[in-house]
Asker: 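Take this structure, written in structure tokens, and hold onto it; I'll ask about it next.
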Amino acid sequence: MRTSQPKTIYLSEYRVPDFLVDHADLRFELFEDGARVHSSLSIRRNPEAHGQGSPLELNGDSLQLQSVHLDGRELAKDEYEDRSDLLVVPSVPDAFELRVVTWIEPQNNTRLEGLYKSSGMFCTQCEAEGFRCITFFPDRPDVMARFRTRIEADKAAYPVLLSNGNPVDSGELDNGRHFVTWEDPFPKPSYLFALVAGALVEKNDTFRTMSGREIDLRIYVEPRNADKTAHAMDSLKRSMRWDEETYGREYDLDIFMIVAVDDFNMGAMENKGLNIFNSSCVLARPESETDMAFQRIEAIVAHEYFHNWSGNRVTCRDWFQLSLKEGFTVFRDSQFSADMGSPTVKRIEDATLLRTAQFAEDAGPMAHPVRPASYMEISNFYTLTIYEKGNEVVRMIHTLLGPELFRKGSDLYFERHDGQAVTTDDFVRAMEDASGRDLSQFRLWYEQAGTPVLTVEDDYDEASQTYRLTVAQSIPDTPGQTGKKPQHIPFALGLLAANGTDIPLTLAGEHSAGVTTRVLELTEKSHTFEFTGIASRPVPSLLRNFSAPVRVNYPWTRDQLMFLMSHDSDGFNRWDAGQRLAVEVIRELSGHAEAEVDPRLVEASRTLLNDRDADQALVAKMLQLPTEAYLIELADKPDVQIIHHARERVVKVLATALREELLDCYRRQQPAEPYQVTPEDVASRSLRNMALSWLLHIGDEGALSLALGQFESATNMTDQAGALRALVNSPFEAERGRALEAFYQRWHQDPQVVEQWFSIQAASPVTGDLPSVRRLLEHEAFDWKNPNKIRSVVGAFAGQNLVHFHDQEGSGYRFLADTIRRLDDSNPQIAARLAAPLTRWRKFAPVYSEGMRKALESVRDKDGLSRDVYEIVHKSLAD
Ligand code: TRP
Ligand code: ZN
């Protein structure tokens, strides 16, 4: 338990490690009442370190030390110091063998960091600093060792024993026990270590690499999940092929393993050769998982696989460099998903997440640069900024260099740094060296926090046929950072003529090249671009395909937005124009409950619904109204209740006016069997379920029978859950209750489906009032030890059910604070993540912010607060 204030770690204080570990030889004795870990390390002084006489210091956390041997001799108690978080051996030679035995209790490990038990199996999570919960070690990513791991356990209970690399030995032991020894030939940081022991079934496949090697692919799951591995296996093979074709990267071991575990703090983990996944991010079959789950699984399997190069072969020097592997790997997985499905839809989804959640983070008290300069608890920095803004930063390099030079840059990066632990600066330098481009100003994207704002003004001169566009940039202050320098921003632009076609773009003084989308490079506070040969006033299409993670302000009229919605050749901007129109219409109603809903939004939606020639995947996205969370993010001192009711009203007006079109859309959108996750079929199901939910929202009796029929007869979870959600959010009370009950009876044995059932209820304005949410916590299927269950009830309530969470009496805030206090001792990572919605308290109108602040204070005042929650709460409350 913590008593003093946690300390801040600074990037500027980075020092190379004093000692290096060449080999780590581990032996695990696994028992029901604990595990004995024998660690044998070959250690030598780092020739590049300064303090040549410095003591040996190894990190530890919650370990019971049993013995220490140095070069075969047991050390007496006064020859080392066992502080709780550090093992110090004051005098050691320049090279030596250290043997340490520790005892740990995986069965009592509720933090899910280090070695723990999940539904009867042993598993590990070592990133970022979990290895120190297993044994004493220099637990930092720039110490890379070759690992050899022997696991011993009861053979009947734990027939499968896994670790990184290749199995090199196995055999029987006394008392019904057995062992397997694994050896990983690649030096790696301790955060990539993994171990699994359990009664798992193995699903096999193979992959032939580009050089002709045959790789053994294995997915390990509990027997009850044996029918849910096919999609992940296909996704894995597609990822392996794609990385060869797109980046020239071949897999390097003979075996690649994936294990599914139910209790997991995050999505998945890229341990070398042994990826460990949250069950919900790997297991799927059409009957029980939705399209969204299928797409998420494909992306996460790819993400973890791609880490084998961007993260494992080339890793991070220190945790300030986290985005080196995460930003680049998210970029790689989003390119992959775009190639596998609809690139425009993928771009819309990425931009939506960024603009809704990352922009909010970047405008709040936890705002930090893509390469942070300090932290208290590194687990708090697995953020949208590191992952999603980090992805955007790599994407901008790709845009600036073009695909060929970017590939030359990534080739150089992998070749130059293979086997090393490096920095984001090394990444940018490889891109510069391969392309000859100067990215020195571009590096500010890694150093400055905050979302740049672009203010665009234009004017057209008919006499000279010129169009002038002025773009000014500014970057808001963030905690600890003021007076920021202008950044290097790729700004993709198009101009539309009155007939809706793209105008070729020629800057003054240039010869026409006939290009209709240009990437302008903004580097100054303000730039003016002058285009010549423009026959009439154009409508600008700005930041095409979301070419940079910035906000854009330009005074489009609603008619211009309607025009862009139907004519822009850039699909992303067609969608964005529709979003901007909807935002304006909803805003106009906010606080004016009786005001008319602009009929142009109704007509634009009608046109979309009737347009059978358009790309239906894009149509499905365009018909979705901006979420409450996005409307709140855009507003200054938002009043959540008012925003909620204004948006509801627009849904009702649209559903009422478009009843016939919606029914027609519902009947038309019937994807063929068998179930497939193609962009067309996904769009079709999405349109169908949207039509259903709008119609049920207004209590349409005809739609009720369609929903009940779909609920009964659906052969896939997208349609079954779509019908359930529509019923839950409808005014049909009796049907809603019966559907919820029937769904639970049918699926109560499948925890992943039960999680969906929880979150549909907790996120619903109809069924997700606080007393009902509290009842879900008492439900037999709820489990405080399982992060997925907590997320599906508490996370869904606080993150999606904004009208109830932001109850003006503050009951939602107090509930969340109580939950955080309760979880702080058992699982601090999850507790800290749950606190995110409260941290934005300053943004809200006073009726809300007061209650949010009080809730944060009640968390702050808890005794023995974890470092994770301490950092979030104190930074949020600081002036
Ligand atoms: N590196 C993992 C990824 O991005 C995520 C991760 C970091 C993680 N820390 C974790 C997963 C802790 C589980 C628990 O793919
Ligand atoms: Zn990752």
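When a ligand or atom number is given, it counts from 1 through the structure's own listing order.
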Asker: Go through ligand 1 atom by atom and flag the ones less than 4.0 Å from a non-hydrogen atom of Glu304.
Answerer: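 By the 4.0 Å cutoff, the relevant atoms are 3 (C), 15 (O).
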
Asker: For atom 4 (O) of ligand 1, which protein heavy atom lies nearest, and how many Å away is it?
Answerer: Tyr387 OH, 2.6 Å

Asker: Please tell me whether Phe331 and Phe406 form a close aromatic pair, meaning their ring centres lie under 6.0 Å apart.
Answerer: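 So the answer is yes for these two rings.
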
Asker: Select one of side chain, backbone, both or neither to describe which atoms of Ser379 lie under 4.0 Å from any atom of ligand 1, heavy atoms only.
Answerer: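 No part of Ser379 is near ligand 1 at this cut-off.
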
Asker: Check this for me: Lys203, atom NZ, are more than 12 non-hydrogen atoms of other residues, nucleotides or ligands nearer than 6.0 Å?
Answerer: no

Asker: Cation-pi between Arg429 and Tyr413: NZ/CZ under 6.0 Å from ring centre and within 45° of the ring axis?
Answerer: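 No, Arg429 does not sit over the ring of Tyr413.
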
Asker: Any N/O/S of Glu304 under 2.8 Å from the Zn ion (ligand 2)?
Answerer: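 For Glu304, the answer is no, given that no N, O or S atom comes within less than 2.8 Å of the Zn ion (ligand 2).
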
Asker: Who's the nearest protein heavy-atom neighbour of atom 11 (C) of ligand 1, and how far?
Answerer: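 Answer for atom 11 (C) of ligand 1: Met266 CB, 3.2 Å.
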
Asker: Looking at Ala268, which atoms of ligand 1 are within less than 4.0 Å of one of its heavy atoms?
Answerer: 2 (C), 3 (C), 5 (C), 11 (C), 15 (O)

Asker: Under the 6.0 Å and 45° cation-pi test, does Arg332 pair with Phe328?
Answerer: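 The answer is yes, since Arg332 meets both limits relative to Phe328.
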
Asker: What atoms in ligand 1 come closer than 4.0 Å to a heavy atom of Met269?
Answerer: 1 (N), 2 (C)

Asker: Examine Tyr305 together with Trp242 and report whether their ring centres are nearer than 6.0 Å.
Answerer: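 No, too far apart.
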
Asker: Less than 4.0 Å is my threshold; does some heavy atom of Lys325 fall inside it relative to ligand 1?
Answerer: yes

Asker: At less than 4.0 angstrom from any non-hydrogen atom of Phe264, what atoms of ligand 1 do you find?
Answerer: 11 (C), 13 (C)

Asker: Tell me whether the guanidinium CZ or amine NZ of Lys789 lies under 6.0 angstrom from the six-membered ring centre of Phe782 and within 45° of its axis.
Answerer: no

Asker: Which residue and non-hydrogen atom of the protein lie closest to atom 7 (C) of ligand 1, and at what distance in Å?
Answerer: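 It is Tyr382 CE2, 3.2 Å.
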
Asker: Report the residues that fulfil ring-ring contact (aromatic ring centres under 6.0 Å, His included) with Tyr14, sequence neighbours left out, ordered by chain and then residue number.
Answerer: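 Not a single residue meets the ring-ring contact (aromatic ring centres under 6.0 Å, His included) criterion with Tyr14.
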
Asker: Within a distance under 4.0 Å of any heavy atom of His303, pick out the atoms of ligand 1 and give their elements.
Answerer: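 Answer, ordered by atom number: 3 (C), 4 (O), 15 (O).
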
Asker: State the atom name: nearest N, O or S atom of His307 to the Zn ion (ligand 2).
Answerer: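 Answer by atom name: NE2.
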
Asker: Give the contacting part of Glu326 toward ligand 1: side chain, backbone, both or neither, where contact means a heavy-atom distance below 4.0 Å.
Answerer: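 Side chain only; the backbone of Glu326 stays clear of ligand 1.
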
Asker: Name the closest protein heavy atom to atom 1 (N) of ligand 1, giving the residue it belongs to and the distance to 0.1 Å.
Answerer: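 Scanning the protein heavy atoms, the shortest distance from atom 1 (N) of ligand 1 goes to Glu127 OE1, 2.5 Å.
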
Asker: Do the numbers put Arg148 on top of the ring of Trp182, so that NZ or CZ is under 6.0 Å from the six-membered ring centre and no more than 45° off the axis?
Answerer: no

Asker: Looking at the rings of Phe320 and Tyr10, which for Trp means the six-membered one, are their centres under 6.0 Å apart?
Answerer: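 Here the rings of Tyr10 and Phe320 have centres that are no less than 6.0 Å from each other.
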
Asker: For the residue pair Tyr251 and Phe256, is the inter-centroid distance of their aromatic rings smaller than 6.0 Å?
Answerer: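 Yes - the distance between ring centres of Tyr251 and Phe256 falls below the 6.0 Å cut-off.
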
Asker: Measuring from the Zn ion (ligand 2), name the closest N, O or S atom belonging to Glu326.
Answerer: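 Atom name returned: OE1.
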
Asker: Would you say the side chains of Thr110 and Asn827 form a donor-acceptor pair under 3.5 Å?
Answerer: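 No - no donor-acceptor pair under 3.5 Å links their side chains.
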
Asker: Starting from atom 12 (C) of ligand 1, locate the nearest protein heavy atom and write down its residue, its atom name and how far away it is, to 0.1 Å.
Answerer: Gln125 NE2, 3.3 Å

Asker: Can you sort out which atoms of ligand 1 are near Glu270, meaning under 4.0 Å from one of its heavy atoms?
Answerer: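 Near Glu270, meaning under 4.0 Å from one of its heavy atoms, ligand 1 has 1 (N), 2 (C), 3 (C), 15 (O).
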
